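From a predicted model like this one, the values you see are computed outputs, not experimental measurements. We name chains A, B, ... by the order of the sequence lines, and we start the count at 1 in each one.
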Amino acid sequence: MKKMDNKPKIIVICGQTGSGKTNLAVQLCKKFKGEIVNADSRQVYKEMNIGTAKGGIQKSKIKNQKFGVPSAQYILDGVPIWLVNIVEPNERYNVGQFKKDAEETIADIISRGKVPFIVGGTGLYIDALVDNYEIPEERTWSDSRKAVNEKTRLRVSLRNSNSKSLAELVDFLGKVDSDAQKIVDLKNRRRVERALEYCLTTGKKFSESRKKGEQKYEVLKIAPLISREKLLEKIGIRVEEMIEQGLEKEVKKLAGKYGWESEAMTGIGYREWGDYFASVGNRHACSKSGKNSHGCSLQSVKDRIKIDTRQYAKRQMTWFKRDKEINWVHPVKSPTSRSAKQFDGVKNEKQAKKLVKKFLG
RNA sequence: GCCGAGGUAGCUCAGUGGUAGAGCGAAGGACUGAAAAUCCUUGCGUCAGCAGUUCAAUUCUGCUCCUCGGCA
C-alpha cells in the first residue's frame, strides 16, 4: 500500500472573522459526522465568551456513552467542539501548544471514526498544523502551562531591558546567528527577540530552525469568501450584539479578576475598554490626545472595536490569500443584515459539501 | 447684535512670507513559539471664498461666508 493513502484526512475551514466559517463548519459536520477542532487563538481561553464570539457553544450535558468514549465537553449546535476553554485568562497559549493539542485531538476524533474539521481564523496555527512545522520541544513549558519559567524570565529581560535598543538586539543576534539577520524582519522587535530567545534557550541557530516536516495529513481547505461591504456590515452588527449581550460586564469582571495586563485583555473586544473604565467617576481621565486613546464614551469603545476587528479581518485576508490550496466558496448574495445570517452559507454549503464528499471519497 | 476663538489630508489638529506635516483612519504587504499579536510601505491637499500688500501668500491686511464659546 502506498504511503500517501494512509494519511488521515482532515478538513480545514478557515477565513476571516465574520465570514461564516463556523456556520459552514457546523453544517458540514452534521452531514459528514464531523467534530470541530477550534483553531482560534482566543477561543481557547476560559471566561472569555462574548468578546471572542463563542456564541452557540455550550457545555455538553449529555453523556454520550454510545461508543464507550467520554463525550466532548462542549458542543456547538449539537456538534462536538474541542480546544475551547482550555486555558485560564491569565495564562499564555501559543502555536507550539496548539499544534500538540490539535494533533492529539485529531487522533482521538479519527480513532472514533469521526472526521476532524479544523475551524478557525488563526492562520499561523493552521499552517503549523497542516504543514507540520518542526517546533522544538519547549522543556521549560510546564505541563500545567504556567507561564512562569526560565524562558519567560529571559524573554522579560530581553524586553524590559530598555537599555537595549533594537539596533543592539540586532547586533547581538548577528553575533549569535549571522544568517538569522537575513531571515528575520529586523525592524520588528518582537521577531528579533524571538530569534534571540530561540538561540539562547536552545543553543541552536534560529536560521536553521524553521523547518517543515513531512505532511501528516491529507488536507482539504475551504474558506468562505465574503464581500468587503458585507463583512463591514456584519462586523458592525456583531459588535452591537456583543454589547447587548453584556460585553461590558464580561470585560469588567475579567479586568478585575486578572488585571489589565493579563493575556485576556490583549484581545479585540477587551483591550478597547481601558480608557472607558478608567474614566468612570473621573471625567478628566480621558486622554484626548493622539495615539492610543481609545476614548471614554461607550460609542468610542464600540467604534474602536469595530475598527480593530476590521483591521484584523484584513490581516487575515492577506494571510489566507497567499495560500493557493484554499478552496474559496462564495456565499449567496444575501439581502439584508440580521436575517442574512441565515442565508450566509447556503450556497457555501452546497459547494462545500461537494468538495468534502469528493475529498472523503 | 456685540466680544472672543477658529475654518489646513476622510477625522483630530501642528506649522511656515517662498504652494505644507503628525497622529488616527484607509489601501497594499509581511508573517515558523504573544499571531485577535507584531512589523513594513503609501499623503498635491483649490491650507474656506474674494480682493489687496509683496518679486512671492496657505502664512500679512481688508471684506464675505460658515462653525464654536461668552455677553446681550
Side-chain angles (χ1 to χ4, degrees), chain A residues 14 16-18 38-45 48 51-54 87 90-101 120-141 145 147 149 151-152 154-156 158-159 166 180 183-199 201-202 206-213 228 232 235 238-239 242 261-272 287-295 300 303-323:
Chain A
C14 53
Q16 298 171 290
T17 16
N38 168 246
D40 181 306
S41 68
R42 289 289 149 173
Q43 293 192 352
V44 297
Y45 289 104
M48 301 175 71
T52 59
K54 275 184 210 157
V87 291
N90 57 348
E91 290 179 333
R92 193 170 260 177
Y93 197 73
N94 62 35
V95 211
Q97 195 58 50
F98 169 78
K99 195 190 169 213
K100 219 173 176 180
D101 291 344
T122 306
L124 179 63
Y125 284 15
I126 291 167
D127 283 1
L129 177 71
V130 169
D131 296 333
N132 195 15
Y133 284 5
E134 272 180 25
I135 299 174
E137 197 63 31
E138 194 174 69
R139 245 173 291 154
T140 46
W141 188 274
R145 292 172 176 144
N149 52 42
K151 193 184 124 180
T152 306
L154 174 69
R155 182 184 271 161
V156 167
L158 275 174
R159 208 183 317 162
L166 214 207
I183 315 170
V184 178
D185 178 358
L186 299 178
K187 286 183 179 174
N188 191 336
R189 188 182 178 103
R190 188 171 284 189
R191 294 273 158 72
V192 176
E193 283 171 355
R194 157 94 276 247
L196 263 175
E197 173 189 283
Y198 177 89
C199 295
T201 52
T202 64
F206 182 73
S207 56
E208 290 164 14
S209 73
R210 302 148 125 195
K211 288 175 185 158
K212 290 179 184 177
R228 191 187 124 83
L232 297 193
I235 288 172
R238 205 157 87 168
V239 171
M242 284 177 180
E261 302 303 312
S262 69
E263 205 51 37
M265 304 322 275
T266 63
I268 293 171
Y270 297 87
R271 60 172 124 106
E272 295 88 352
S287 60
K288 277 175 190 152
S289 63
K291 315 178 188 181
N292 297 317
S293 168
H294 291 154
S300 63
D303 289 346
R304 195 65 232 182
I305 295 175
K306 286 174 193 172
I307 289 167
D308 286 349
T309 308
R310 279 207 301 264
Q311 296 181 334
Y312 169 51
K314 191 181 160 160
R315 266 177 275 133
Q316 287 179 303
M317 206 50 194
T318 68
W319 180 288
F320 291 124
K321 256 196 282 185
R322 30 166 225 183
D323 188 340

Are any of the side-chain heavy atoms of [X] and [Y] separated by less than 4.5 Å?
X        : Y        : result
A:Thr52  : A:Tyr45  : no
A:Trp319 : A:Asp127 : yes
A:Gln97  : A:Val44  : no

What contact category does [X] fall into here, base, sugar-phosphate, or nothing, at under 4.0 angstrom with non-hydrogen atoms?
X        : value
A:Thr122 : sugar-phosphate
A:Asp127 : nothing
A:Tyr198 : nothing
A:Thr17  : nothing

[N] versus [M] - spacing of their [atom1] atoms, nearest Å:
N      : M      : atom1 : answer
B:rU46 : B:rA35 : C1'   : 45 Å
B:rG62 : B:rA9  : P     : 24 Å
B:rG1  : B:rC63 : P     : 16 Å
B:rU8  : B:rC44 : C1'   : 13 Å
B:rU19 : B:rG25 : C1'   : 26 Å
B:rA22 : B:rA14 : C1'   : 7 Å
B:rA51 : B:rU58 : C1'   : 16 Å
B:rU41 : B:rG49 : P     : 34 Å

Please check this pair: side chain of [X] against backbone of [Y], looking for a donor-acceptor N/O pair closer than 3.5 Å.
X        : Y        : answer
A:Lys99  : A:Tyr133 : yes
A:Asp40  : A:Arg42  : yes
A:Gln316 : A:Lys314 : no
A:Gln16  : A:Ala313 : yes
A:Lys306 : A:Ile235 : no
A:Ser41  : A:Thr122 : no

Quickly work out the [X] [atom1] to [N] [atom2] distance and round it to whole Å.
X        : N      : atom1 : atom2 : result
A:Arg304 : B:rU12 : CZ    : P     : 16 Å
A:Asp308 : B:rC24 : CG    : C1'   : 12 Å
A:Leu232 : B:rG25 : CG    : P     : 15 Å
A:Tyr312 : B:rC39 : OH    : P     : 17 Å
A:Ile307 : B:rA36 : CD1   : C1'   : 15 Å
A:Asp303 : B:rG25 : CG    : C1'   : 12 Å
A:Asp131 : B:rA35 : CG    : C1'   : 16 Å
A:Lys306 : B:rA26 : NZ    : P     : 13 Å

Close N/O contacts between protein and nucleotides 28-30 of chain B (under 3.5 Å):
unit_1, atom_1, unit_2, atom_2, d
B:rG28, OP2, A:Lys314, NZ, 2.9
B:rG28, N7, A:Lys314, NZ, 3.4
B:rG29, OP1, A:Lys321, NZ, 3.3
B:rG29, OP2, A:Lys321, NZ, 3.1

Exercise. Taking the side chain of A:Leu124 as its heavy atoms from C-beta onward, which of B:rA35, B:rA36, B:rA34 lies nearest to it?
Worked result: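 Of B:rA35, B:rA36, B:rA34, B:rA35 is nearest to the side chain of A:Leu124.
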For this session: Select one nucleotide: of B:rA27, B:rA36, B:rG25, the one nearest the side-chain heavy atoms of A:Arg228.
Result: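 Within the option list, the nearest is B:rA27.
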For this session: Could you check whether the rings of A:Tyr125 and A:Phe98 sit parallel, tilted or perpendicular, using 30° and 60° as the cut-offs?
Result: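 Geometry flag for A:Phe98 against A:Tyr125: parallel rings.
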For this session: For RNA chain B, produce a single dot-bracket line, 5' to 3'. Pairs: Watson-Crick or G-U wobble, both distances under 3.5 Å. Symbols: ( ) within strand, [ ] crossing, | other strand, . unpaired.
Result: (((((((..((((.......)))).(((((.......))))).....(((((.......)))))))))))).
For this session: Using only heavy-atom distances, decide whether a donor-acceptor pair under 3.5 angstrom links the side-chain of A:Asn94 to the base of B:rA35.
Result: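 It does not, because no donor-acceptor pair links the side chain of A:Asn94 to the base of B:rA35 below 3.5 Å.
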Respond yes when some side-chain nitrogen or oxygen of [X] is under 4.0 Å from OP1 or OP2 of [N], and no when none is.
X        : N      : value
A:Arg310 : B:rG25 : no
A:Tyr93  : B:rA34 : no
A:Gln311 : B:rA36 : no

Problem set entry | Closest-nucleotide ordering on RNA chain B, the 5'-leading residue of A:Gly123 and A:Val95 |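 The residue mapped nearer the 5' terminus is A:Val95.
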Problem set entry | Pairwise 5' ranking along RNA chain B for A:Ile268 and A:Lys212, keeping only the more 5' one |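 Whichever sits nearer the 5' end wins; that is A:Lys212.
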For this session: Dump the intermediate steps for side chain to side chain contact (heavy atoms under 4.5 Å, CB included) on A:Arg238 and A:Met242, then the final yes or no.
Result: CA-CA 6 Å; A:Arg238 205 157 87 168; A:Met242 284 177 180; 4.1 Å; yes
Exercise. Which heavy atom in A:Met48 sits nearest to a heavy atom in A:Lys54, and how many Å separate them?
Worked result: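 Heavy atoms of A:Met48 and A:Lys54 come nearest at O-NZ, 2.7 Å.
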